[in-house]
Amino acid sequence: MIFDLKKVVASVRTDDEFKAALRSDAKVIFLQNTSITNADEQIRLAHDYGKTVFIHTDFMEGIGKDKAGLQYLRKLGCDGMLSTRTGMIRHGKDVGLLTVQRFFIVDTHSVDTAIDSIKIGKPDFVEIMPGVIEKTIKRFASEVDTPVIAGGLINKTEEVDQALSSGAVAVSTGQSSLWNYR
């Protein structure tokens, strides 16, 4: 599994963060803000540095939010995609991308809705946000057969450890000081 060696994912939004992620120990990069004009170069560079690349398709500019757009990303060499949309997750799986479905958990109803969506879309991984909610991570880890990635609001090593001990297989963070941790 891609998270066996390193548990912290570099979640990047800017070119400077991307460059720092390339130099970091993180093995997986979540590109949160990319476009059709630079995705091929970012994927190539990341692969040159031995990184696995996931693109957040909900935020990608210049590409359709459909199966054809995902086929194009796969053709560019993208390893995986992130989305909050169950339909996009299913399309991503259809074209051979690894899939991460992201859920924002704000209350019990959102937990129930997310669990139902996971059962329908069957993503390869689930990202629960914010990632500092150990109780919810434990529930997801025990109720679905999908590895959980904790993300959001994680900026301390203790929070990484708490998320992992709660059942998450990895943690995604924009906090560059954690990219070399674990």
Side-chain angles (χ1 to χ4, degrees), residues 1-13 18 21 26-36 39-40 42-44 46-47 50-105 110-131 133 136-137 139-152 154 163-164 166-174:
M1 184 190 332
I2 61 175
F3 301 111
D4 285 347
L5 298 176
K6 291 296 291 181
K7 301 292 185 187
V8 176
V9 174
S11 181
V12 302
R13 294 187 185 281
F18 178 67
K27 298 296 181 200
V28 178
I29 298 174
F30 285 178
L31 294 176
Q32 302 291 341
N33 186 24
T34 192
S35 77
I36 198 164
D40 58 341
Q42 287 178 314
I43 293 167
R44 186 191 61 73
H47 287 168
K51 312 293 184 183
T52 301
V53 182
F54 286 75
I55 292 179
H56 197 312
T57 57
D58 297 356
F59 299 138
M60 186 173 182
E61 296 177 350
I63 194 163
K65 309 297 189 256
D66 55 22
K67 193 171 190 174
L70 296 176
Q71 287 171 325
Y72 181 71
L73 288 181
R74 183 71 176 138
K75 186 176 180 180
L76 291 179
C78 185
D79 301 296
M81 53 87 67
L82 293 98
S83 180
T84 59
R85 300 175 178 138
T86 302
M88 286 295 287
I89 294 299
R90 292 197 328 236
H91 289 323
K93 292 181 75 62
D94 288 346
V95 303
L97 292 169
L98 290 170
T99 57
V100 176
Q101 189 163 7
R102 176 179 276 184
F103 294 97
F104 296 94
I105 304 302
S110 61
V111 171
D112 295 336
T113 300
I115 288 172
D116 290 343
S117 294
I118 294 164
K119 290 177 180 177
I120 293 167
K122 300 186 183 340
D124 296 301
F125 302 95
V126 175
E127 184 177 20
I128 305 302
M129 299 182 87
I133 50 173
T136 303
I137 293 169
R139 181 172 175 198
F140 274 88
S142 69
E143 290 191 29
V144 298
D145 294 326
T146 305
V148 173
I149 301 165
I154 296 175
L164 294 173
S166 295
V169 297
V171 172
S172 71
T173 181

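Only a predicted model underlies this, so the values are computations on that prediction, with no experimental measurement involved.
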Just how far is it from atom CG of Asp94 to atom CZ of Arg74, taken to the nearest 0.5 Å? 13.0 Å

To the nearest 0.5 Å, atom CD of Gln71 lies from atom SG of Cys78 at 13.5 Å

Under the salt bridge (Lys or Arg N to Asp or Glu O under 4.0 Å) test, which residues partner Asp116, sequence neighbours left out? none

Name all residues meeting the salt bridge (Lys or Arg N to Asp or Glu O under 4.0 Å) criterion together with Asp79; count only those two or more places apart in sequence or in a different chain, and write none if there are none. none

Qualifying residues under side-chain contact (heavy atoms from CB on, under 4.5 Å), relative to Leu98, sequence neighbours excluded: Ile2, Phe54, Asp124

Ile29 and Ala21: which non-hydrogen atoms are nearest, and at how many Å? CD1-CB, 4.0 Å

Partners of Thr136 by side-chain contact (heavy atoms from CB on, under 4.5 Å), sequence neighbours excluded? Ile105, Val111, Ile128, Ile133, Phe140

Is the backbone N or O of Lys122 less than 3.5 Å from a side-chain atom of Lys93, with the two atoms forming a donor-acceptor pair by type? yes

Contacts of Asp58 that satisfy salt bridge (Lys or Arg N to Asp or Glu O under 4.0 Å) - sequence neighbours left out: Arg85

Val9 vs Phe3, test: side-chain contact (heavy atoms from CB on, under 4.5 Å). Steps then yes/no. CA-CA 9 Å; Val9 174; Phe3 301 111; 3.4 Å; yes

Within this structure, what is the CD-OG1 distance for the pair Glu127 and Thr84, rounded to the nearest 0.5 Å? 11.0 Å

Closest non-hydrogen contact found for Thr146 with Pro123 is CG2-O, 3.2 Å

For Gln101, side chain to side chain donor-acceptor pair (under 3.5 Å) partners two or more places apart: Thr86

Between atom CD1 of Ile89 and atom OG1 of Thr99, what is the distance when rounded to the nearest 0.5 Å? 5.0 Å

Roughly how far apart are Ser11 OG and Ile149 CD1, rounded to 0.5 Å? 10.5 Å

Under the side-chain contact (heavy atoms from CB on, under 4.5 Å) test, which residues partner Ala26, sequence neighbours left out? Ala10, Ser24, Trp179

What's the verdict on side-chain contact (heavy atoms from CB on, under 4.5 Å) for Leu73 and Leu70, showing C-alpha distance, side-chain angles and the deciding distance? CA-CA 5 Å; Leu73 288 181; Leu70 296 176; 4.2 Å; yes

Holding to salt bridge (Lys or Arg N to Asp or Glu O under 4.0 Å), I want the full list of residues that pass it with Arg139, two or more places apart in sequence or in another chain. Asp112, Glu143

Enumerate the residue pairs fulfilling ring pair (Phe, Tyr, Trp, His ring centres under 6.0 Å) with a member in residues 57-91, sequence neighbours excluded, ordered by first and then second residue. His56-Phe59

Sorted by chain and residue number, the side-chain contact (heavy atoms from CB on, under 4.5 Å) partners of Ala39 (sequence neighbours excluded) come out as Thr34, Ile55, Met60, Leu76

Taking the side chain as every heavy atom from C-beta outward, state whether Val53 and His47 have any atom pair closer than 4.5 Å. yes

Check ring pair (Phe, Tyr, Trp, His ring centres under 6.0 Å) between Phe18 and all other residues, then give those that pass, not counting sequence neighbours. none

For Thr113, what residues pass the side chain to side chain donor-acceptor pair (under 3.5 Å) criterion, not counting sequence neighbours? His109

Enter the distance from Met129:CE to Phe103:CZ here, rounded to the nearest 0.5 Å. 13.0 Å

